[in-house]
Each structure stands twice: as C-alpha cells, then as structure tokens.
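Counting convention: from 1, in listed order, for ligands and their atoms alike. In this text, all values refer to a predicted model and were calculated from it rather than measured experimentally. Below, all heavy atoms of this structure are taken into account, side chains as well, without hydrogens, waters or symmetry copies.
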Amino acid sequence: MDYKDMLSLKGKVAWVTGASYGIGFAIASAYAQAGAKIAFNDINAELVEKGLAAYKAAGLEAKGYVCDVTDESSVIRTNALITEELGPVDILVNNAGIIRRTPMHEMEAADWRKVIDIDLTAPFIVAKAVLPSMMERKTGKIINICSMMSELGRETVSAYAAAKGGLKMLTRNICSEYGKYNIQCNGIGPGYIATPQTAPLREKQADGSRHPFDSFIIAKTPAERWGTTEDLTGPALFLASGASDFVNGHVLYVDGGILAYIGKQP
Ligand code: NAP
Ligand code: GCO
C-alpha cells in the first residue's frame with residue numbers, strides 16, 4: 001500500500017451537483033487538486049457561468065452543465081454528456097440543496113414538496129443515473145450531503161429535517177443494495193457552515209452586534225466557531241478516495257463537536 005497516494009483521485013471523474021459556489025465548489029476544488037476531472041451542474045446558465053469563472057480563477061479545470069437535479073430526463077442527459085466528455089462518473093456528490101425556514105403550521109404543502117424534491121428525491125434521481133455504469137465497472141463512490149438535521153430537529157425547518165433524515169436512510173440503503181458491487185455510499189453531515197445558505201442566520205443586528213442565532217451556534221459548538229467550506233474538504237476527499245474503500249453506509253459529521261455536546265452551561 002502506498003500511503004502517499006491513498007488520497008489521490010488521479011484519473012477519476014467526479015460529478016458534484018449544485019457546485020457553482022458554497023460547499024459544492026469547495027469539495028469539487030479539492031477533488032480537482034487531488035487529480036480528478038470535475039463536472040458540476042447548476043440550475044441555470046448564469047450560475048454555471050459564475051461557477052466556471054470561479055474554477056478558472058482558482059486555476060482549476062471543470063466542466064459545467066445546466067441541469068435541474070429534480071428533472072430526471074435532464075439528469076440522464078447530463079450524465080450521458082459527462083460520460084461522453086470526461087468519462088463515466090466514478091464519484092458522485094449529491095450536494096445541491098435548499099432550505100425553507102417557516103413554522104410548520106404556516107408552511108404551504110407546495111414549499112414542503114419543493115424541499116423534499118430537491119433535498120431527497122433528487123439524490124435518488126442522480127444516484128440512479130450513475131449506478132448502472134458503477135455496477136458494471138464494479139467501482140463507485142456516492143457521497144450525500146446530509147446535515148445536523150439528519151439527527152436533530154429545530155423550529156421552522158420541518159421539511160429540511162425530514163428530507164435530510166431521509167437522505168441519511170437513502171445513504172444506508174444504497175450501501176445495503178450496492179455494496180456487493182464495490183460501491184460505497186456515505187454521507188457528510190456538515191455542522192453550521194458559513195455559506196450563502198446560512199447568511200441570514202449570521203446577519204449583524206442594527207446595532208452591529210451578533211445575530212442571536214449566530215451567538216447560539218457559537219455556544220452550541222465546542223470549537224466555538226462556524227465551520228468553513230474548507231473544513232469539509234478533507235472528509236470529502238477521504239470518502240471519495242481509496243482510503244475509505246471499506247467505509248460504507250456511514251454519515252461522517254463534520255460539526256466542530258455539536259452532536260457530542262449538551263451546550264454551554266449557564
Ligand atoms: P448554497 O450555498 O445554497 O448552495 C447550494 C447550491 O445548490 C446552489 O448552487 C444552488 O443553486 C444549487 N441548487 C439548488 N437547487 C438546485 C436544483 N434543483 N438543481 C441544481 N442545483 C440546485 O448551499 P450550501 O450551504 O453550499 O449547501 C450545500 C449542501 O450542503 C446543501 O445540500 C445543504 O443543505 C447542505 N448543508 C449546508 C450546511 C450549511 O451550514 N451551509 C450545513 C449542512 C448541510 P441556487 O443558487 O439557484 O439555489
Ligand atoms: C438551519 C440551518 C441548518 C444548516 C445545516 C446544519 O436553519 O438550521 O440552515 O439547517 O444549514 O443543515 O447542519
């Protein structure tokens with residue numbers, strides 16, 4: 001075993017969904033630096049252009065595709081294009097996601113369905129598209145971006161928690177069903193990470209003080225800080241590489257210790 005090359009992704013094709021910016025961009029950038037050929041998609045041409053410019057500015061090569069991950073025919077088409085242009089997908093990261101913060105008794109069913117569609121049904125659709133080739137080649141890594149809400153609830157995020165809890169179980173089921181094909185499916189459960197998705201929770205108050213939710217997260221996190229997108233890259237690289245070939249059906253929480261901690265004592 002050459003431990004030096006254990007985390008190398010040389011020659012691998014990685015598809016990271018919703019990776020024009022945020023967590024997906026950081027993970028795809030790490031994979032590119034580890035030697036993988038990168039494909040990413042986003043929901044419209046403007047975001048894909050923005051993503052392509054960001055990869056270029058970072059000195060990295062990536063191919064961008066316009067594809068809504070909830071649209072099965074578009075996902076199948078995109079998978080075929082990636083296969084033609086880069087090769088069959090070896091590593092899939094189901095990263096695209098949205099959140100709605102609304103008290104459950106006020107939430108429209110249409111909004112609930114949208115969150116479930118993007119955060120839970122889409123990972124099924126994209127994984128389903130890449131699985132046949134992975135099965136045929138007897139190799140593959142599928143990484144689902146889960147959440148603290150795969151384990152915990154909180155006010156206003158019912159649909160998101162239901163979707164991310166479901167995604168944890170989809171992770172275990174893909175592992176159960178396809179482990180015999182040497183396919184590993186694992187999750188990453190990020191703690192509270194500073195990205196556009198969580199920006200409203202960190203907005204400064206009118207008097208310049210911290211948002212109460214921001215202070216709450218600092219107090220809930222033994223590391224006493226928000227995570228950065230870079231904090232997720234090492235774990236994501238591990239789960240995409242040969243170093244994790246016997247790790248399957250696991251959710252790796254990258255949360256600065258939130259899940260281990262009862263919270264700051266008064
Ligand atoms: P983000 O900044 O909002 O990025 C999400 C990306 O997914 C955006 O590029 C978004 O495009 C794209 N997307 C949304 N719907 C899509 C669709 N139907 N088809 C294709 N792409 C779509 O979010 P993030 O914070 O980086 O989060 C990435 C993932 O990590 C999500 O699954 C999120 O739930 C999860 N997560 C985040 C945190 C955190 O603290 N930030 C913690 C745990 C888990 P638009 O710009 O058009 O929306
Ligand atoms: C929220 C947050 C979370 C995080 C993340 C935690 O409103 O509570 O947005 O859901 O984004 O998923 O792991």
Notebook entry, point to check: Looking only at non-hydrogen atoms, which of I27, D42, I43 approaches atom 11 (O) of ligand 1 most closely?
Noted result: D42
Item checked: Geometric N/O contact P190 with ligand 2, under 3.5 angstrom -> yes
Next item on the list: Ignoring hydrogens, just give me the one of Y192, F213, Y253 whose non-hydrogen atom is nearest atom 4 (C) of ligand 2.
Entry: Y192
Check: Looking at M149, which atoms of ligand 2 are within less than 4.0 Å of one of its heavy atoms?
Finding: 10 (O)
Next item on the list: May I ask you to decide if L239's main-chain N or O and N186's side chain share a donor-acceptor pair within less than 3.5 Å?
Entry: no
Notebook entry, point to check: Under the 3.5 angstrom rule, does the side chain of D231 hit a backbone N or O of T228 as a donor-acceptor pair?
Noted result: yes
Next item on the list: Give a yes/no on ligand 1: does W226 have at least one heavy atom closer than 4.0 angstrom to it?
Entry: no
Next item on the list: Report, in ascending order of atom number, the atoms of ligand 1 lying under 4.0 Å from any heavy atom of P190.
Entry: 42 (C), 43 (C), 44 (C)
Check: With under 30° as parallel and over 60° as perpendicular, where do the rings of Y181 and Y178 fit, or are they tilted in between?
Finding: tilted
Margin query: To the closest 0.5 Å, what do you measure between CD1 (I143) and OG (S244)?
Written below: 7.0 Å
Next item on the list: Check whether any side-chain N or O of T229 sits under 3.5 Å from a backbone N or O of A26 as a donor-acceptor pair, and report yes or no.
Entry: no
Item checked: ligand 1 contacted by K164 (non-hydrogen, < 4.0 Å) -> yes
Margin query: Out of all atoms in ligand 1, which are within 4.0 Å of some heavy atom of A96? Include the element for each.
Written below: 7 (O), 13 (N), 21 (N), 22 (C), 32 (O)
Checklist line | Plane angle bin for Y192 and W226 - parallel if under 30°, tilted between 30 and 60°, otherwise perpendicular | finding: perpendicular
Notebook entry, point to check: Quick one: does T17 get within less than 4.0 Å of ligand 1, heavy atoms only?
Noted result: no
Notebook entry, point to check: Hey, which atoms in ligand 1 end up nearer than 4.0 Å to a heavy atom of G22?
Noted result: 26 (O)
Check: What residue and heavy atom of the protein are closest to atom 19 (N) of ligand 1, and at what distance?
Finding: V69 N, 3.1 Å
Notebook entry, point to check: Any idea which atoms of ligand 1 are less than 4.0 Å away from a heavy-atom of T198?
Noted result: 39 (C), 40 (O), 41 (N)
Note to self: Out of all atoms in ligand 1, which are within 4.0 Å of some heavy atom of D68? Include the element for each.
What the structure shows: 17 (C), 18 (N), 19 (N)
Check: Strictly by modelled atom types, are T171 and N144 linked by a side-chain donor-acceptor pair under 3.5 Å?
Finding: yes
Notebook entry, point to check: Per the side-chain contact (heavy atoms from CB on, under 4.5 Å) rule, which among V93, I82, V48 passes with F40?
Noted result: V48
Next item on the list: Report yes or no: is the cationic atom of K12 (NZ for Lys, CZ for Arg) under 6.0 Å from the centre of the six-membered ring of Y31, at an angle within 45° of the ring normal?
Entry: no
Next item on the list: Take K264 and E224 through the test salt bridge (Lys or Arg N to Asp or Glu O under 4.0 Å) and record every step on the way to the result.
Entry: CA-CA 10 Å; K264 209 174 260 317; E224 294 188 347; 2.9 Å; yes
Note to self: Please report the interatomic distance OG1(T198) to CD(E203), rounded to the nearest 0.5 Å.
What the structure shows: 11.0 Å
Next item on the list: Identify the two heavy atoms, one from L167 and one from I145, that lie closest to each other, and give their separation to 0.1 Å.
Entry: CD2-O, 3.3 Å
Check: Among E151, Q197, M148, whose heavy atom sits nearest atom 11 (O) of ligand 2?
Finding: Q197
Next item on the list: Using distance alone, determine whether T198 and ligand 2 share an N or O pair under 3.5 Å.
Entry: no
Margin query: Regarding W15 and N79, do their side chains bring together a donor and an acceptor under 3.5 Å, going by distance alone?
Written below: no
Checklist line | Proximity to ligand 2 by part of R154, non-hydrogen separation under 4.0 Å | finding: side chain
Check: Would you call G189 a ligand 1 contact, heavy-atom distance under 4.0 Å?
Finding: no
Notebook entry, point to check: Relative to the heavy atoms of C67, which atoms of ligand 1 are at a distance of less than 4.0 Å?
Noted result: 19 (N), 20 (C)
Checklist line | Which of the ligand 1 atoms, numbered from 1, are nearer than 4.0 Å to a heavy atom of N41 | finding: 20 (C)
Notebook entry, point to check: Can you tell me which residue and heavy atom of the protein come closest to atom 47 (O) of ligand 1, and the distance to 0.1 Å?
Noted result: L47 CD1, 3.2 Å
Next item on the list: Output the list of atoms in ligand 1 that are nearer than 4.0 Å to some heavy atom of C146, sorted by atom number.
Entry: 43 (C), 44 (C)
Check: For ligand 2, is any non-hydrogen atom under 4.0 Å from L201's backbone (N, CA, C, O), its side chain (CB onward), both, or neither?
Finding: side chain
Check: Just heavy atoms, cut-off under 4.0 Å: does T156 contact ligand 2 by side chain, backbone, both, or neither?
Finding: neither
Check: Can you tell me the protein heavy atom closest to atom 1 (P) of ligand 1 and the distance?
Finding: Y21 CE1, 3.8 Å
